[in-house]
Each structure stands twice: as structure tokens, then as C-alpha cells.
Amino acid sequence: MAVAPPPAGRRMRDHLARVEDANRDMVEQVAGRMLEVVRSDGLVFVGGTGHSVAAVLEGFYRAGGLACVYPVYHPALLPLEGAAASTQVERVAGLGRTLVRQAGPSPADLAFVFSHSGINPVPVEMAEEFRAAGTPTVGVLSRDHMSRAPVRHPRRLGDVVDYILDTLVPYGDAAFDPGTGIPTMPLSTLAAVFLWNLVLARLAALAAASGVALPLWTSANVEGGQERNAALLERYRRRIPRL
């Protein structure tokens with residue numbers, strides 16, 4: 001008798017457990033580097049295209065998140081601004097470099113580039129330009145998908161970053177097929193946000209052990225939250241224009 005596959009919820013939970021195990025050492029390295037950046041009053045840049053913009057949004061101006069996060073972003077890269085157009089825009093050569101140059105990163109900063117496939121020109125060029133500025137760069141990607149996807153740039157994201165956080169997401173992203181041959185349940189956003197928060201949690205633990213106060217946003221819907229956030233806005237808005 002054939003054994004029924006585990007339900008979708010369990011598959012997602014099991015996937016995240018594998019992601020945590022596979023990236024444990026790299027999360028430690030990235031969190032340690034991020035602590036150095038915070039300690040020296042640097043910035044953490046986050047960039048991505050398409051649905052990877054969801055991970056960029058998770059990192060920016062988020063309750064419990066770092067206030068020193070600078071989103072590298074253009075509205076045309078967001079599917080809500082035009083779904084089919086956003087797919088074409090992430091393949092436009094030169095845009096990623098321009099966005100990073102406008103942001104002005106330095107060796108004292110850290111950059112994250114989120115891209116499930118790791119093959120489109122915009123995220124790859126973002127990473128290349130961060131590296132050119134001397135900024136240590138983290139690629140959050142699927143090695144499996146990146147190795148099998150069609151080439152759209154001379155190099156892939158994994159070739160041009162200092163650290164790789166692997167989402168372990170399968171080729172094509174969608175991971176659940178109920179027997180129709182057309183899978184659903186994409187995992188890339190879930191896994192990328194999970195990895196970001198693993199790094200953030202480890203950073204918080206390292207900072208507490210080192211006596212470093214992290215610049216963390218507080219929900220504006222709790223007592224004292226708006227006042228705390230106002231001080232952080234005053235501190236960072238000149239350096240992070242989107243604040």
C-alpha cells in the first residue's frame with residue numbers, strides 16, 4: 001500500500017527545520033559580521049527583485065527589526081506595480097549597479113541580496129556593485145534552483161557574494177503537487193524571511209552577550225513605541241532616505 005505524503009503544513013515545517021540545520025554555521029558568521037557593523041554604526045543594505053522584495057520589506061522598518069537597514073529598491077521591481085513588467089525589469093542590465101551606487105555603501109557596511117534563482121541581472125549586479133564598494137555581501141538564494149536555471153547574466157549570484165544562505169527551495173519554487181502535475185506552495189519567501197530572522201535572533205543574542213544595544217524598531221501600537229521610533233528616525237533618516 002502506498003504511503004500518503006505528509007500534509008502541506010508539515011512539509012513547510014520540515015523544510016524550515018532543514019534550512020535551519022543546513023545554514024547554522026553561516027548564520028553564525030553572518031550574525032557576527034552584522035554585530036561588527038552595528039557596533040561601528042554602519043548600515044545593513046537589503047535588495048531584491050520580484051517576490052524577493054517581500055524579504056526586503058521584512059528587513060525594513062519592521063517591529064523588532066534593525067533601524068539601520070537601507071532598502072535598495074525601485075518601484076518597477078515590485079510585481080504590484082505591474083506583474084509582467086517587473087519580470088522584465090529585473091533583467092535590465094545596469095539597473096542594479098545604478099541602485100547600489102545611489103545608495104553609497106562602504107566597507108563598514110553589510111549587504112543582503114535576496115534572489116531565489118540567483119540568475120537575473122539586477123540582483124547579480126547589485127551584489128557585484130556591493131563587492132566593488134568593498135561591502136561584504138550575503139546572497140540569500142536556492143543553490144538547487146540557481147544551478148539549474150537558465151543563464152541571464154555572465155555570473156550567478158552565488159559566484160559574487162561572500163556568504164550564502166541557502167533556502168534549499170526546489171527548482172521552480174512551488175513544492176507541493178497534489179497529483180495534478182502543476183505544483184503550488186512556493187517556499188522561497190517563507191525560507192528567506194525565516195533565514196533573515198534567524199540571523200536577527202542570533203545577532204540579538206550576540207549583542208546582549210557583548211553589551212551592545214541594538215537599534216531596534218518597536219511596534220507603534222504598543223505603549224512607548226512611537227517615542228522610541230521617533231528617536232531612531234531622527235538618528236537614521238538622513239542616511240536612509242526612505243525613512
Q | Distance-only side-chain donor-acceptor flag, Ser188 / Asp173, under 3.5 Å | A | yes
Give a yes or no answer on whether the side chain of [X] reaches the backbone of [Y] with a donor-acceptor pair at less than 3.5 Å.
X      : Y      : result
Asp177 : Gly181 : yes
Ser86  : Leu77  : no
Arg242 : Tyr73  : yes
Asp109 : Leu43  : yes
Asp159 : Arg155 : no
Ser117 : Met146 : no
Glu81  : Pro75  : no
Arg228 : Leu216 : yes
His15  : Thr167 : yes
Asp166 : Leu168 : yes

Thinking salt bridges, do [X] and [Y] make one under a 4.0 Å N-O criterion?
X      : Y     : value
Arg39  : Glu36 : no
Arg18  : Asp14 : no
Arg239 : Asp41 : yes

(Q) Which residues end up grouped with Ile182 if you chain together Ile, Leu, Val, Met, Phe, Trp and Tyr wherever their side-chain heavy atoms are less than 4.5 Å apart? (A) none
In this structure, would [X] and [Y] fall into the same cluster of hydrophobic residues linked by side-chain contacts under 4.5 Å?
X      : Y      : value
Val124 : Ile164 : yes
Leu165 : Leu66  : yes
Val19  : Tyr171 : no
Phe60  : Leu232 : yes
Ile240 : Val53  : no

Looking only at non-hydrogen atoms, find the nearest pair between [X] and [Y] and report the distance.
X      : Y      : value
Pro170 : Ala175 : CG-CB, 4.0 Å
Cys68  : Gly42  : CB-O, 3.8 Å
Ser106 : Thr135 : O-OG1, 2.9 Å
Ser115 : Ser52  : CA-OG, 3.7 Å
Val37  : Val44  : CG1-CG2, 4.3 Å
Pro123 : Thr49  : CD-CG2, 3.9 Å

**Q.** Val113 vs Val161, side-chain contact (heavy atoms from CB on, under 4.5 Å): CA-CA, chis, key distance, verdict
**A.** CA-CA 9 Å; Val113 178; Val161 295; 5.6 Å; no
Q | Criterion side-chain contact (heavy atoms from CB on, under 4.5 Å) on Val38 and Leu214, from CA distance to verdict | A | CA-CA 7 Å; Val38 173; Leu214 296 180; 3.9 Å; yes
**Q.** Partner residues of Asp162 under the side chain to side chain contact (heavy atoms under 4.5 Å, CB included) criterion, sequence neighbours left out
**A.** Arg131, Pro136, Thr137
[atom1] of [X] to [atom2] of [Y]: how many Å apart, nearest 0.5 Å?
X      : Y      : atom1 : atom2 : result
Glu125 : Thr98  : CD    : OG1   : 8.5 Å
Asn120 : Gln88  : CG    : CD    : 9.5 Å
Gln102 : His74  : CD    : NE2   : 8.5 Å
His116 : His145 : NE2   : NE2   : 4.5 Å
Arg11  : Met185 : CZ    : CE    : 6.0 Å

Q) Does the ring center of Phe130 lie less than 6.0 Å from the ring center of Phe45? A) yes
Flag the pair [X] / [Y] as yes when at least one side-chain heavy-atom distance between them is below 4.5 Å, and no otherwise.
X      : Y      : result
Thr218 : Asn229 : yes
Leu141 : Arg143 : yes
Glu20  : Phe194 : yes
His51  : Phe114 : no
Ile119 : Leu157 : no

Q: Give me the ring orientation class for Tyr61 and Trp217: parallel if the planes are under 30° apart, tilted from 30 to 60°, perpendicular past 60°.
A: perpendicular
Q | Trace of the side-chain contact (heavy atoms from CB on, under 4.5 Å) decision for Val100 with Val72 | A | CA-CA 7 Å; Val100 172; Val72 179; 4.3 Å; yes
Would you be so kind as to tabulate the donor-acceptor pairs closer than 3.5 Å made by side chains of residues 196-209, with sequence neighbours excluded?
| residue | atom | partner | partner atom | Å |
| --- | --- | --- | --- | --- |
| Asn197 | ND2 | Glu58 | OE2 | 3.3 |
| Asn197 | ND2 | Val193 | O | 3.0 |
| Arg202 | NE | Glu28 | OE1 | 2.7 |
| Arg202 | NE | Glu28 | OE2 | 3.3 |
| Arg202 | NH2 | Glu28 | OE2 | 3.0 |

Q: For Met126 and Leu99, run side-chain contact (heavy atoms from CB on, under 4.5 Å): C-alpha distance rounded to whole Å, both residues' side-chain angles, the deciding distance at 0.1 Å, then the answer.
A: CA-CA 8 Å; Met126 281 183 181; Leu99 293 173; 4.0 Å; yes
